[in-house]
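Encoded as structure tokens, the structure appears first; notes follow it.
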Amino acid sequence: MNDVPAQPKRRTRGAARLLLGGACALAITVSSMALATFARADLSGPPGATLKAAAERSGRYFGAAMGADRLNDSGFLTIANREFDMMTAVNEMKPDATEPNRGQFDFRAGDAIYNWATQRGMRFRGHTLAWHAQQPRFWGSLSGSALRTAMIEHINGVMAHYKGKFAYWDVVNEAFAENGSRRSSNLQSTGNDWIEVAFRTAHAADPSVKLCYNDYNIENWTYAKTQGVYNMIRDFKSRGVPVDCVGLQTHFTGGSSLPGNFQQTLSSFAALGVDVALTEADVTNASTSQYQGLTQACMNVPRCVGITTWGIRDSDSWRGSENPLLFDRNSNPKAAYTAVLNALNAASTTVPGTPTAPPTTAPPTTAPPTTAPPTTAPPTTAPPTTAPPTTPPSTGQPGACTATYRMVNSWGGGFQGEVTVANNGSTTLSGWTVRLTLAGGQTIANVWNGINTGTSGAVGVRNAEYNGSLGANTSTTFGFLVNGSSSAAPGGLSCTSP
Ligand code: G3I
């Protein structure tokens with residue numbers, strides 16, 4: 001018998017309505033971005049008295065999710081400000097909220113949350129860009145390449161607005177079924193590669209933010225869905241698809257509970273080279289042992305970067321009747337809060353790459369060494385007589401790269417292509433340009449990992465900022481979507497460098 005029961009029943013009433021609703025198409029500018037300030041990791045320091053202080057000892061964060069309606073709730077805001085250093089919007093950055101009508105973006109509610117949080121030194125997790133639920137109404141009348149293009153345009157539009165501002169983005173949310181196969185959805189029907197296209201698009205739109213896949217019921221290592229997601233991430237990493245992190249929602253419901261192998265799940269994902277995070281934690285009746293266990297599992301895995309609870313008080317929860325959060329309706333911390341705080345303070349691993357505190361030990365008082373300087377004679381070896389290397393300078397030369405095309409996927413009305421740019425030479429190339437000619441009636445809708453000139457006929461694609469340097473015998477790829485009735489391969493492929 002499977003010991004991971006189904007996800008708690010979802011609320012199914014229509015799409016979320018933005019509190020600041022209306023069909024306004026204005027994309028307002030984020031007013032400010034305060035720099036998040038974080039203590040250096042210091043496991044030997046005093047225990048933290050708040051969730052964020054305790055998490056920061058090991059270079060981690062402790063986050064919460066909030067809706068725009070909480071911006072007027074002083075009880076909520078007081079705890080959020082005191083205890084949390086990462087924020088996520090519950091509904092306000094989902095596709096239906098940010099692009100209610102095609103090409104008309106509305107960031108007012110999301111920006112209000114973002115501004116409140118970052119002005120208080122918090123960082124931000126974006127949630128979410130592509131999901132089967134809470135889609136803009138207009139996605140419902142699209143399919144195939146038209147829906148694919150709408151998804152790409154959505155990712156580009158939202159990520160452009162928040163470019164450089166978030167720590168993490170949930171690019172794709174909940175794309176797997178319980179049996180480990182892909183969940184059927186309108187996005188899945190555009191082709192199995194829709195997730196990788198979403199990640200490539202997101203990476204091209206904002207290379208600075210960490211891009212996450214986020215899902216529920218992937219906490220038990222032996223569960224089919226966990227394995228399905230794991231295999232996808234392993235495949236993505238092996239092919240260079242830009243995925244940086246996996247979010248495990250960690251909703252433990254009345255029927256499910258913390259699996260004994262949770263830490264193994266976290267460390268197995270992390271071993272693929274991604275960060276892991278607990279992104280929407282809540283536990284029925286706030287079981288102290290489960291909260292303690294899920295926190296400790298994260299603390300034991302160096303690349304587990306932080307924990308977010310889906311709300312703060314039970315009255316904020318989508319599962320409010322189960323009282324699953326760390327604070328009760330009167331804003332009092334529960335026993336589970338103390339369990340989490342203690343587990344954070346007991347962390348024995350730090351997040352790799354986190355600056356650590358300088359040693360606080362007093363400088364040594366020992367006298368400087370009195371050892372005499374070495375008397376060994378300098379080496380008498382004759383200088384090498386080998387002729388200087390005749391290798392050409394390590395800049396690219398025209399024609400030194402090759403370009404190879406493959407079709408990734410096609411559908412009535414369009415296809416996705418990929419070009420591999422290879423440096424088969426022995427010196428590094430600094431920059432490349434591929435030229436290709438599209439068949440009549442074909443138009444490029446989107447290019448990622450490259451910058452195009454022209455969208456039909458003769459098209460040039462040069463490297464993006466981050467993939468121009470190609471070492472000897474290495475390659476990179478760029479991808480593109482084409483609209484058109486034929487999926488004929490582009491002709492006249494050539495590559496030059498720089
Ligand atoms: O704002 C309207 C309100 O005007 C209306 O009166 C009311 C009654 O229908 O609905 C309100 O909108 C609701 C919205 O939450 C805001 O409260 C929607 O009906 C409701 O469907 C929506 O639920 C959200 C749910 O995602 C939708 O799938 C929850 O708040 C939100 O917590 C939840 O978050 C998800 C994560 O994104 C992904 N993981 C699971 C998690 C929990 O389901």
Side-chain angles (χ1 to χ4, degrees), residues 4-23 63-73 76 80 86-98 100 106 108-110 112-113 124-137 139-140 154 158 166 168-178 183 185-187 195 198 212-219 225-226 229 245-256 277-284 294 307-325:
V4 179
Q7 171 77 344
K9 195 166 182 299
R10 300 288 174 86
R11 296 171 191 175
T12 51
R13 286 188 217 151
R17 308 268 184 275
L18 282 178
L19 290 171
L20 302 173
M66 71 183 282
D69 52 352
R70 294 300 180 271
L71 288 167
N72 298 316
D73 183 332
F76 180 96
M86 181 73 80
M87 192 52 75
T88 306
V90 174
N91 289 307
E92 290 75 0
M93 294 184 184
K94 290 173 177 173
D96 62 338
T98 50
D106 187 340
R108 289 174 298 173
I113 297 174
F124 216 90
R125 287 192 90 255
H127 175 83
T128 177
L129 294 164
W131 189 21
H132 68 273
Q134 287 179 277
Q135 297 185 348
R137 200 178 292 262
W139 283 17
H154 177 78
V158 177
F166 288 0
Y168 298 93
W169 248 122
D170 288 338
V171 177
V172 171
N173 193 42
E174 302 176 3
F176 275 75
E178 299 304 301
R183 175 199 289 272
S185 72
N186 57 348
L187 290 169
I195 299 181
C212 308
Y213 176 78
N214 192 52
D215 215 329
Y216 61 87
N217 281 356
I218 57 168
E219 291 80 19
K225 185 173 180 181
T226 310
V229 174
C245 34
V246 172
L248 298 95
Q249 293 184 6
T250 321
H251 293 295
F252 293 139
T253 69
S256 72
L278 281 47
T279 51
E280 304 182 13
D282 47 22
V283 181
T284 302
L294 68 86
I307 300 173
T308 291
T309 55
W310 206 242
I312 291 181
R313 306 157 304 182
D314 291 332
S315 45
D316 308 316
S317 174
W318 66 301
R319 301 167 51 200
S321 62
E322 298 175 67
N323 300 318
L325 293 173

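All residue numbers in this chain count up from 1 along the given sequence. Both counts, for ligands and for their atoms, begin at 1 and track the order of listing.
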*Nearest candidate to atom 34 (O) of ligand 1, where distance is taken over non-hydrogen atoms, out of W310, W318, W131*: W310
*Indicate yes or no for a side-chain donor-acceptor contact from Y216 to the backbone of E280 under 3.5 Å, with no hydrogens or angles considered.*
no
*Can you list the atoms of ligand 1 that are under 4.0 Å from a heavy atom of Q249?*
38 (C), 39 (N), 40 (C)
*Under 3.5 Å, side chain of Q134 to main-chain N/O of D96, donor-acceptor pair present?*
no
*Under the 3.5 angstrom rule, does the side chain of D314 hit a backbone N or O of L325 as a donor-acceptor pair?*
yes
*asked:* One thing to verify: whether R183 and D215 come together as a salt bridge, which I'm taking to mean a side-chain N less than 4.0 angstrom from a carboxylate O.
replied: no
*For ligand 1, which atoms have a heavy atom of H251 less than 4.0 angstrom away?*
40 (C)
*Which one holds for N214 and ligand 1: side chain close, backbone close, both close, or neither close, with close meaning a heavy atom under 4.0 Å?*
neither
_Under 4.0 Å to a heavy atom of V90 - the qualifying atoms of ligand 1, by number_ = 30 (O), 31 (C), 32 (O)
*With a cut-off of 4.0 Å, which atoms of ligand 1 are near a heavy atom of N91?*
14 (C), 15 (O), 16 (C), 24 (C), 26 (O), 29 (C), 30 (O), 31 (C)
*asked:* Show me which atoms of ligand 1 lie under 4.0 Å from any heavy atom of N173.
replied: 38 (C)
_Quick check against the 3.5 Å criterion: does E92 have a side-chain atom that pairs as donor or acceptor with the backbone of I113?_
no
*Any sub-3.5 Å donor-acceptor pair from S317's side-chain atoms to G311's backbone N or O?*
no
*asked:* Please compare E92, Q134, R319, E280 and report which has the shortest non-hydrogen distance to atom 40 (C) of ligand 1.
replied: E280
